[in-house]
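Worksheet: one structure, shown below.
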Amino acid sequence: MPELPEVETMVRGIRSAVEGKRIVEFRRAPCRCRTISLKPGLATIRRRCEGQTVVGVRRRAKKIILELASGEAFVIEPRMTGLMLVANPPDTAHLRFEWRLAERNKTRSLWFWDQRGLGTVRLLDAGQLADVLGDGRLGPDALAISGQEWQSRLKATARPVKVALLDQKLVAGIGNLYASEILHLAQINPRRRANRLTAAEIARMARAVVAVLEEAIRCEGSTLSDGTYRNALNEEGGYQNAHRVYDRANQACPTCGHPEIRRIVQAQRSTFFCPACQK
DNA sequence: CATATGTCCTGAGAGC
DNA sequence: TGCTCTCAGGACATAT
């Protein structure tokens with residue numbers, strides 16, 4: 001489930017193959033699943049992007065942005081199972097889109113692969129980009145939010161802190177897996193109401209956010225037991241080996257030794273925590 | 001306004 | 001064995 005660390009890993013992994021390259025062709029890949037809808041349509045996208053140079057590759061929240069010379073940009077959301085690849089994909093059955101990029105006297109392909117097909121690919125103009133990526137839609141990036149912002153934003157909601165961390169308008173980039181890991185490291189119970197946290201707890205959580213996400217980026221993300229997440233070269237991530245609570249219900253807590261990590265459901269999502277060391 | 005719930009999608013695994 | 005059912009959770013639409 002690509003969250004901030006996985007998306008950041010994809011961006012870093014495709015950058016050198018994509019930046020400064022001219023798009024020769026954009027097309028749907030042969031795929032035996034239902035087709036993913038494109039915005040705008042395929043013909044319009046082709047007319048607007050083919051021949052253009054990709055001037056930059058960056059991440060905003062969990063989105064990948066391929067900036068074109070014209071000021072337009074592709075915005076790609078991997079959501080649950082989407083991958084950006086510059087190497088052979090896990091399989092060809094779930095390849096969705098291909099960008100063919102000019103490279104000296106040949107071409108090189110950038111692929112969007114997506115098993116479940118919930119991902120999206122859009123080509124947006126400058127105005128649409130400002131809307132989709134702007135402050136009205138997304139909060140500050142989880143790796144670039146100040147202590148002051150954490151305090152004021154968490155004080156503004158009575159939801160459980162775990163649920164608040166998943167709200168992309170409150171803070172952008174954290175998903176279900178890392179929310180549990182962050183609260184575990186910060187030793188905060190996920191059911192605590194956000195506006196009831198003390199200043200010291202919020203400060204501790206803010207440090208945990210950076211610690212967990214940066215370490216996960218160093219490990220190139222988490223490849224869960226379903227194996228879907230891969231980096232741009234189709235290699236597994238490594239952070240799953242560092243998970244302390246996620247998907248470890250009924251196992252012993254690696255932090256305090258309590259015999260049973262718990263799984264609860266909050267906002268229809270699984271939350272994992274240790275009832276002993278997360279008060 | 002804040003918060004809660006339903007929806008999309010595929011493949012894995014459970015249960016009979 | 002082979003079928004049906006449930007579950008996983010990103011972002012967004014709709015409901016309360």
Side-chain angles (χ1 to χ4, degrees), chain A residues 1-10 28-29 31-39 59-65 75-84 89-97 112-122 124 128-129 131-139 141-142 152-182 190-196 213 216 221-230 240 243 245-250 263-272:
Chain A
M1 59 196 75
E3 303 182 27
L4 186 155
E6 288 77 21
V7 176
E8 180 65 26
T9 302
M10 292 179 204
R28 281 190 189 279
C31 165
R32 61 168 160 73
C33 310
R34 176 177 302 214
T35 59
I36 292 181
S37 71
L38 275 174
K39 287 183 183 170
R59 176 187 64 78
R60 168 78 169 113
K62 305 173 195 172
K63 306 175 203 298
I64 296 149
I65 299 148
V75 174
I76 298 128
E77 292 182 2
R79 301 215 183 167
M80 292 304 297
T81 52
L83 301 175
M84 294 296 282
D91 62 54
T92 56
H94 301 92
L95 277 176
R96 308 290 182 155
F97 300 109
F112 181 65
W113 181 96
D114 190 356
Q115 183 186 83
R116 307 233 305 252
L118 297 178
T120 64
V121 173
R122 290 176 286 179
L124 304 181
Q128 293 169 318
L129 281 172
D131 174 38
V132 166
L133 307 179
D135 296 345
R137 299 265 205 147
L138 292 169
D141 194 89
S152 63
R153 285 170 178 267
L154 291 173
K155 282 283 179 282
T157 180
R159 288 172 294 173
V161 59
K162 155 63 160 46
V163 177
L165 284 180
L166 297 183
D167 180 349
Q168 302 301 297
K169 283 213 254 303
L170 193 153
V171 59
I174 299 170
N176 201 52
L177 189 164
Y178 292 103
S180 283
E181 292 297 324
I182 286 162
R191 291 196 260 225
R192 294 279 304 284
R193 303 241 163 216
N195 59 0
R196 302 268 188 88
L213 296 180
S222 299
T223 299
L224 302 180
S225 52
D226 68 7
T228 53
Y229 169 71
R230 293 285 197 278
Q240 64 280 4
H243 292 175
V245 290
Y246 185 79
D247 207 15
R248 298 176 66 87
N250 305 318
R263 173 186 179 272
I264 61 174
V265 174
Q266 298 179 287
Q268 281 88 249
R269 265 76 181 136
S270 297
T271 300
F272 299 88

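Chain naming here is simple, since letters A, B, ... match the order of the sequence lines and numbering starts at 1 in each. Just so we're clear, the structure is a prediction, and the values are computed from it rather than from any experiment.
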### Task
Taking only the side-chain nitrogens and oxygens of Thr157(A), find out if one of them lies under 4.0 Å from OP1 or OP2 of dT3(B).
yes
### dG11(B) phosphate, OP1 or OP2, under 4.0 Å from His94(A) side-chain N/O
yes
### Query
Side chain of Arg159(A): nearest nucleotide among dT10(B), dA11(C), dT3(B)?
dT3(B)
### Query
Can you tell me how far P of dC7(C) sits from CD of Gln115(A), to the nearest Å?
19 Å
### Task
Look at the side-chain N and O atoms of Gln168(A) and state whether any lies under 4.0 Å from the OP1 or OP2 oxygen of dA11(C).
yes
### Gap between atoms CG and P, on Leu95(A) and dT10(B) respectively (whole Å)
15 Å
#### Entry: Spacing of Leu83(A) atom CG relative to dG10(C) atom P, expressed in whole Å
15 Å
### Query
Across the strands shown, which category fits Ser225(A) at heavy-atom distances under 4.0 angstrom: base, sugar-phosphate, nothing?
nothing
### Task
Check every strand shown and say whether Tyr246(A) touches a base, only sugar-phosphate, or nothing at a heavy-atom separation below 4.0 Å.
sugar-phosphate
### Spacing of Asp167(A) atom CG relative to dT5(B) atom P, expressed in whole Å
15 Å
### Message
Quick one about Gln240(A) and Ser222(A) (side-chain donor to acceptor, distance below 3.5 Å, no hydrogens or angles considered), yes or no?
### Response
no
### Message
What contact category does Gly117(A) fall into here, base, sugar-phosphate, or nothing, at under 4.0 angstrom with non-hydrogen atoms?
### Response
nothing
### Query
Counting just side-chain N and O atoms, does Arg116(A) come under 4.0 Å of either OP1 or OP2 of dA12(B)?
no
### Query
Between Phe112(A) and Gly119(A), which heavy-atom pair has the shortest distance, and what is it?
CZ-CA, 4.2 Å
#### Entry: Thr81(A) versus Arg116(A), side-chain donor and acceptor atoms under 3.5 Å
no
### Task
Would you name the heavy atoms of Tyr246(A) and Met1(A) that are closest together and state the gap between them?
OH-CE, 3.3 Å
### Message
On DNA chain B, compare the nucleotides closest to Arg269(A) and Arg193(A); which residue's is nearer the 5' end?
### Response
Arg193(A)
### Task
To the nearest Å, give me how far apart NZ (Lys169(A)) and P (dC1(B)) are.
11 Å
### Query
If you check the Met80(A) side chain, which of dT3(B), dG10(C), dC9(B) turns out closest?
dG10(C)
### Summary
Testing dA8(C), dG10(C), dT10(B) for proximity to the side chain of Arg79(A), the answer is dG10(C)
### Query
Just checking, any donor-acceptor pair under 3.5 angstrom between side chains of Glu6(A) and Tyr178(A)?
yes
### Message
Mind checking if Arg263(A) touches a base, just sugar-phosphate, or nothing, with heavy atoms under 4.0 Å?
### Response
sugar-phosphate
### Query
Under 4.0 Å: is that the gap between some side-chain N or O of Gln268(A) and OP1 or OP2 of dT5(B)?
yes
### Task
Could you check how far CG of Leu224(A) sits from P of dC7(C), rounded to whole Å?
19 Å
### Summary
Whichever of Asp226(A) and Pro160(A) has the more 5' nearest nucleotide on DNA chain B, that residue is Pro160(A)
### Query
In whole angstroms, how far is the P atom of dA11(C) from the NZ atom of Lys39(A)?
15 Å
#### Entry: Whole-Å gap separating P (dA4(B)) and CG (Leu166(A))
13 Å
### Query
OP1 or OP2 of dG10(C) sitting under 4.0 Å from any side-chain N/O of Thr81(A)?
no
## Note on the structure
All heavy atoms of Gln115(A) vs all of Arg96(A), minimum pair found to be O-NH2, 3.2 Å
#### Entry: Nearest listed nucleotide, side chain of Ala158(A), among dA11(C), dC9(B), dT3(B)
dT3(B)
